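All ligand and atom numbering here is 1-based and tracks the order in the structure. As the structure is a prediction and not an experimental result, all values here were calculated from the model.
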Amino acid sequence: MKTYSIALIPGDGIGRDVTDAAWAVLQAVANGEGFALEGNEFPWSCAYYKETGRMMPEDGIETLRKFDAILLGAVGWPAQVPDSVSLHGLLLPIRKAFVQYANIRPHRLLPGVQGPLRAEKFDILCIRENTEGEYSGAGGRVHQGTADEVAVETSIFTRAGVERILRFGFEQARTRSGRLASVTKSNAQKYSMVFWDEITRELSAEYPDVTVSSYHIDAMAARMVMAPESLDVVVASNLFGDILTDLGAAIQGGLGFAASANINPTGAAPSMFEPVHGSAPDIAALGIANPLAAIWSGAMMLDHLGEAEAAARILAAMEATTARGIGTIHGKDRTEAITNGVIAALS
Ligand code: IPM
Ligand code: MN
């Protein structure tokens, strides 16, 4: 039997609740589809940091490299460990080390979910650059604590990095409606963002079947609210994509529905799948976290592993569940009830 080895990193807060839920659904679907998922759990988290002084061991990346994929819950417990330490110790290094340059975030209203907009249909696929740009990590501080203090944080845009994410966007647009929206702020940022727009134009010649439009980030934010039906695939830099995908999550009914895949499209290193919501320490272990974002992320993992049919079955089961009003309203249904609803709908 085909067996996939999966690294499980529940992480912090509700990461535990939702990873368990997603794993239960994944196991249920694997049973029916004739493949196996072998999970190996790692306790890397803020609690681990408190014990060891590290978010993951020194050889953490090498340990993860052997797996077919990584399923992650959430990272961060700011009351215990500053986010600037925890996220730079666990989540962000994995995205970079494994060159997971394409962060795919589907924003879609599930049946029965009432979003804040009047729009009945909302279906956008955001593609976020995930390894460079505003998250390059290049910078520093000098004269700390004095009146002369300086902080510099440099965005880095490379031709290779911009080209590969745009290509990924064009390819995704091809599999959908053939419309791609590229997001920059080239009216204000005259180097990096003009560069991005130029590469967009260059590549568009190679994709005559894709209609590409360029928008500024501020106008895109307004468009997502005012005319979401005019959008299909949206491609943006790391920070712009981060911001737009919280907006997308809000429009799809909340962060409890927003799934994501950090993909290395070459397959040279494992990809990582995680819900967009954070660790929500205030509701950790109460059993009320919505697991749908994590379950959806799990479905994206199966799709990436080549189990498209199993992934589609999870999506259909999620839709059947929300259509019955289960998991549609924040805090109404328990994590377990939603998970069991999805598992029951699989068969
Ligand atoms: C996300 C998160 C992370 C990001 C944080 C936690 C560093 O907001 O995945 O959207 O900005 O990438
Ligand atoms: Mn975010």
* Counting N and O atoms only, with roles assigned by atom type, does the side chain of T335 sit under 3.5 Å from a partner on the main chain of P291, one being a donor and the other an acceptor? -> no

* How far is atom 7 (C) of ligand 1 from its nearest protein heavy atom, and which residue and atom name does that atom have? -> L87 CD1, 3.9 Å

* **Those atoms of ligand 1 less than 4.0 Å from some heavy atom in R128** => 1 (C), 4 (C), 9 (O), 10 (O), 11 (O), 12 (O)

* **Metal proximity, D242 vs the Mn ion (ligand 2), N/O/S cut-off 2.8 Å** => yes

* **Identity and separation of the nearest protein heavy atom to atom 1 (C) of ligand 1** => R105 NH2, 3.3 Å

* Salt bridge present between R167 and E206 (N-O < 4.0 angstrom) -> yes

* **Ligand-residue contact atoms, ligand 1 with R95, heavy atoms, under 4.0 Å** => 1 (C), 4 (C), 9 (O), 12 (O)

* **Parallel, tilted or perpendicular: ring planes of H304 versus F273, cut at 30 and 60 degrees** => tilted

* Asked: When you check the side-chain N and O atoms of T184 and Q189, is any donor under 3.5 Å from an acceptor?
  -> no

* Look at atom 11 (O) of ligand 1 and say which protein heavy atom is nearest, naming residue and atom and giving the distance to 0.1 Å. => Y135 OH, 2.5 Å

* Are R95 and S271 close enough that a side-chain donor and a side-chain acceptor fall under 3.5 Å? -> no

* To do: Could you tell me whether E274 and ligand 1 have an N or O pair separated by under 3.5 Å?
  => no

* To do: Measure from NZ or CZ of R128 to the centre of the six-membered ring of Y135 and say whether it is under 6.0 Å with the direction within 45° of the ring axis.
  => yes

* Structure fact -> closest protein heavy atom to atom 8 (O) of ligand 1 is D242 OD1, 3.3 Å

